[in-house]
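Working notes for the structure below.
For the single chain, residues carry numbers from 1 onward in sequence order.
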Amino acid sequence: MRIRFTEKIIIILFIFIFCYVNAIAGDYGRWGKFVERYPIEWYGTDEARAIADNVLVYQHSVGGWPKNIPMHMILADCEKDSIDLNGPGMSPTLDNDATALEMKFLAKVYSQTQDERYREAFERGLDYILTAQYDNGGWPQFYPLRNGYYSRITFNDDAMVNIMEILRDIYNEEELYSFVITEEIKTMARTAFDKGIDCILKTQIYIDGEPAVWCQQYDEVTLEPAKARSYELPSLCGGESVGIVRLLMQIPDPSEEIIKAVDGAVKWFDNHKIKGIRIERRKKGDLYDRVVIKDPAAPPIWARFYDLDTQKPFFCGRDGVKKDNLKDIEYERRNGYGWYTYRPQGILDAYPEWRKNLTK
């Protein structure tokens with residue numbers, strides 16, 4: 001009875017933690033929509049200003065923001081006073097869209113309000129981005145640097161791509177960022193962006209002498225594919241490579257090296273699409289489980305991770321052991337991580353027109 005009772009307690013705790021984490025993730029996801037979805041005039045409203053004031057509260061002195069904070073949930077004054085930016089989980093980072101989302105939101109609110117507090121906070125964020133960049137052009141997941149995988153060059157969740165898009169828009173004099181555009185800042189943004197592109201090209205994985213795709217993270221010194229969390233092993237990544245390729249395809253007058261990188265990645269995507277399956281959430285008791293279903297009519301799908309040697313999809317639980325099938329890893333990781341993606345299809349669809357425009 002004692003063993004059964006203990007097991008029951010563990011299951012209950014897992015369900016509670018799982019639901020709590022997903023609730024937080026849902027709130028944070030809605031914060032991203034507040035940054036992107038409204039007409040520009042909305043960012044001058046009292047509601048937008050109240051959210052922007054939240055953003056100011058969460059900004060670290062070094063200029064960055066913590067991740068997974070639903071900034072759109074308005075804080076009372078007493079709540080603002082109780083926030084401890086030195087507390088657990090509050091370190092400034094580029095992970096999970098952090099810092100990039102806050103900077104975009106502040107830029108939009110400033111464009112409508114001309115409130116200098118928002119401009120100054122944005123500029124501190126820009127300083128943070130420029131300071132955090134490694135000499136080799138990459139960005140760590142966290143800055144100031146922390147021991148472990150947090151200091152790896154991070155493509156995971158489009159961390160580097162998000163930052164580089166802001167830098168690109170600044171040196172291209174996009175209207176949203178006109179309030180920070182000086183020749184000095186444009187030069188700094190362009191230099192950082194170009195260094196980032198150089199890092200991207202240097203870290204592209206080659207298979208039998210041909211360019212393929214990228215890993216989620218790289219050693220910040222050797223630029224070799226590196227491990228992050230126990231279930232994030234060095235791999236060919238079918239997910240985050242999409243954001244990298246899209247960024248490269250948006251560069252006007254690309255160099256031969258960039259063209260070769262895109263060509264190679266597109267060829268790899270085309271050769272590694274998985275046909276005849278779809279992913280479904282099925283009710284399993286009181287919970288839902290993610291399962292792979294055979295379906296000849298399903299659109300192509302890609303695994304998040306492919307083995308560096310065999311180029312076959314793999315899945316991995318917290319034990320760090322590669323598995324061939326999603327069903328073979330534990331429930332928590334099976335349902336708490338994105339193991340498949342449809343994102344490469346967008347690159348394959350856009351590629352012919354991109355190639356055609358190069359000829360022009």
Six-ring centre of F34, R37 cation under 6.0 angstrom, axis tolerance 45°: yes
I251 vs I197 side-chain heavy atoms within contact, under 4.5 Å: yes
Contact summary for I185 and V180, nearest pair of heavy atoms: CD1-O, 2.9 Å
N136 side chain to G138 backbone, donor-acceptor under 3.5 Å: yes
Distance flag, aromatic centroids of Y43 and F105, threshold under 6.0 Å: yes
Pair R49 + D115, salt bridge at N-O below 4.0 Å: yes
Lys/Arg N to Asp/Glu carboxylate O, R152 vs E220, below 4.0 Å: yes
Test item: Q59 side-chain N/O and W65 main-chain N/O as donor-acceptor pair under 3.5 Å: no
Under 3.5 Å side-chain donor-acceptor pair for W354 and Q250: no
R168 and E174: CA distance, side-chain angles, deciding distance, salt bridge (charged side-chain N to carboxylate O under 4.0 Å, His left out) verdict: CA-CA 9 Å; R168 176 200 62 198; E174 293 290 334; over 6 Å; no
Flag if over 12 foreign heavy atoms under 6.0 Å of CG, D263: yes
Test: R117 and D53 ion pair at under 4.0 Å: yes
Donor-acceptor contact present, side-chain Q204 to main-chain A212, <3.5 Å: yes
Within 6.0 Å of CD in E184, more than 12 heavy atoms from elsewhere: no
Ring-face cation contact, Y231 with R333, 6.0 Å cut, 45° max: yes
Other residues, nucleotides, ligands: >12 heavy atoms within 6.0 Å of K80 NZ: yes
Parallel, tilted or perpendicular, as decided by the 30° and 60° cut-offs, for the rings of Y337 and F305: tilted
Y150/F142 under ring pair (Phe, Tyr, Trp, His ring centres under 6.0 Å): CA gap, chis, key distance, verdict: CA-CA 6 Å; Y150 307 104; F142 282 81; 5.3 Å; yes
Salt bridge R304-D157, side-chain N to carboxylate O under 4.0 Å: yes
Distance-only donor-acceptor check, side chains E232 and Y149, under 3.5 Å: no
Salt bridge E210-K267, side-chain N to carboxylate O under 4.0 Å: no
F179 and Y177 aromatic ring geometry - parallel, tilted or perpendicular at 30°/60° bounds: tilted
D349, CG: over 12 other non-hydrogen atoms inside 6.0 angstrom: yes
Salt bridge R343-D158, side-chain N to carboxylate O under 4.0 Å: yes
Side-chain (D270) to main-chain (V266) donor-acceptor, under 3.5 angstrom: no
Stepwise side-chain hydrogen bond (donor to acceptor under 3.5 Å, both in side chains) check, Y143 with Q133: CA-CA 9 Å; Y143 187 84; Q133 187 178 30; over 6 Å; no
4.5 Å side-chain heavy-atom contact, E123 and R119: yes
Over-ring placement of K186 relative to Y171, 6.0 Å and 45° cut-offs: no
Flag, side chain of W139 to backbone of I129, donor-acceptor distance under 3.5 Å: yes
Side-chain ion pair, D307 and K312, N-O less than 4.0 Å: no
I279-Y288 co-clustered via ILVMFWY side chain contacts under 4.5 Å: no
Heavy atoms of other groups near K322 NZ, more than 12 under 6.0 Å: yes
More than 12 heavy atoms of other groups within 6.0 Å of Y38 OH: yes
Short side-chain to backbone donor-acceptor contact, S82 and E79, under 3.5 Å: yes
E332/R318 salt bridge by N-O under 4.0 Å criterion: yes
Centroid-centroid distance, Y306 to W268, less than 6.0 Å: yes
Any donor-acceptor N/O pair, T131 side chain to Y128 backbone, under 3.5 Å: no
Side-chain donor/acceptor of T154 to backbone N/O of A159, under 3.5 Å: no
Salt-bridge contact E330-R334 (side-chain N to carboxylate O under 4.0 Å): no
Sub-6.0 Å ring centroid separation between Y118 and F122: no
N156 versus D95, side-chain donor and acceptor atoms under 3.5 Å: no
Atom CG of N357 with >12 non-hydrogen neighbours under 6.0 angstrom: yes
Close side-chain approach of K104 and E36, heavy atoms under 4.5 Å: yes
Expected output: side-chain N54 to main-chain M71 donor-acceptor under 3.5 Å: yes
Close aromatic pair by centroid cut-off 6.0 Å: F315 and Y340: yes
Whether D198 side chain and D194 backbone form a donor-acceptor pair below 3.5 Å: no
4.5 Å side-chain heavy-atom contact, D289 and R281: no
Lys/Arg-Asp/Glu bridge criterion (N-O < 4.0 Å) met for R278, D295: yes
